[in-house]
Amino acid sequence: MKRKEEYIALDAQMFHFDLWINQSNPEKLKTEIALMLEKSKFTIVNFIEHHFPIKGYTAVWLLAESHLAIHTFPDQEKTYLQISSCNNNKLQILKEELPSLY
């Protein structure tokens, strides 16, 4: 899943995007988001997740281009997704892929 990191000099800018997804299954989210990140050419350098004891799930993909985080709200069958990236081109590709999640 990890790709070789490449360094590209970019202007010091950050691009942010967030949305609510009508899906809260951690395994489905984890699989689909990792696939979308790969399709968008983001480089995943690490991944961490936490299943809360009673309910809820949080996951963070550490990217060479910054990070993507999700937080589930199973009672409402919703997930909050937030991504920050220094590469706007990859972010735009990811945004085109996201509708397949909801």
Subject >> Closest non-hydrogen atom pair between E49 and Y57, with its separation >> reply: OE1-OH, 2.6 Å
Original post:
At their closest point, which heavy atom of L68 faces which heavy atom of I70, and how far apart are they?
Top reply: CD2-CG2, 4.0 Å
Original post:
Are L94 and M14 co-members of a hydrophobic cluster defined by side-chain heavy atoms under 4.5 Å apart?
Top reply: no
Subject >> I33 with L19, same ILVMFWY side-chain cluster at under 4.5 Å >> reply: yes
Subject >> hydrophobic_cluster_shared for L29 and F17, side chain cutoff 4.5 Å >> reply: yes
Original post:
Which pair of non-hydrogen atoms, one from S66 and one from S85, has the smallest distance, and what is that distance?
Top reply: CB-CA, 3.9 Å
**OP:** Identify the heavy atoms of F15 and L91 that sit nearest to each other, and give their distance.
**Re:** CB-CD2, 3.6 Å
Original post:
When you measure from the side chain of T79 to the backbone N and O of T72, does any donor-acceptor pair fall under 3.5 Å?
Top reply: no
Original post:
If Ile, Leu, Val, Met, Phe, Trp and Tyr residues are connected whenever their side-chain heavy atoms lie under 4.5 Å apart, and connections chain through other members, are L98 and I44 in the same group?
Top reply: yes
Original post:
Do the side chain of Q23 and the main chain of N25 share a donor and acceptor less than 3.5 angstrom apart?
Top reply: yes
**OP:** Please check if the side chain of K90 supplies one atom and the backbone of F42 the other of a donor-acceptor pair under 3.5 Å.
**Re:** no
Subject >> Distance-minimising heavy-atom pair for E65 and K41 >> reply: OE2-O, 3.9 Å
Original post:
Measuring from I93:CD1 to N88:CG, what's the distance to the nearest 0.5 Å?
Top reply: 10.0 Å
Original post:
Can you list the steps and then say if Q13 with C86 is a side chain to side chain contact (heavy atoms under 4.5 Å, CB included)?
Top reply: CA-CA 6 Å; Q13 296 183 61; C86 60; over 6 Å; no
Original post:
Does a donor on one side chain and an acceptor on the other come within less than 3.5 Å for H71 and T58?
Top reply: yes
Original post:
Is it true that atom CD of Q92 has more than 12 heavy atoms of other residues, nucleotides or ligands lying nearer than 6.0 Å?
Top reply: yes
Subject >> Euclidean distance, L63 CG relative to F47 CZ, rounded to 0.5 Å >> reply: 11.5 Å
**OP:** Please work out whether the ring planes of W20 and F73 are parallel, tilted or perpendicular, with thresholds of 30° and 60°.
**Re:** tilted
Original post:
Which pair of heavy atoms, one from W61 and one from K30, lies closest together, and at what distance?
Top reply: CZ2-O, 3.7 Å
Original post:
So, does T43 use its side chain to make a donor-acceptor pair with the main chain of A64 at under 3.5 Å?
Top reply: no
Subject >> Spacing of N46 atom CG and H67 atom NE2 [to the nearest 0.5 Å] >> reply: 14.0 Å
**OP:** Can you measure from NZ (K95) to OG (S40) and round to the nearest 0.5 angstrom?
**Re:** 11.5 Å
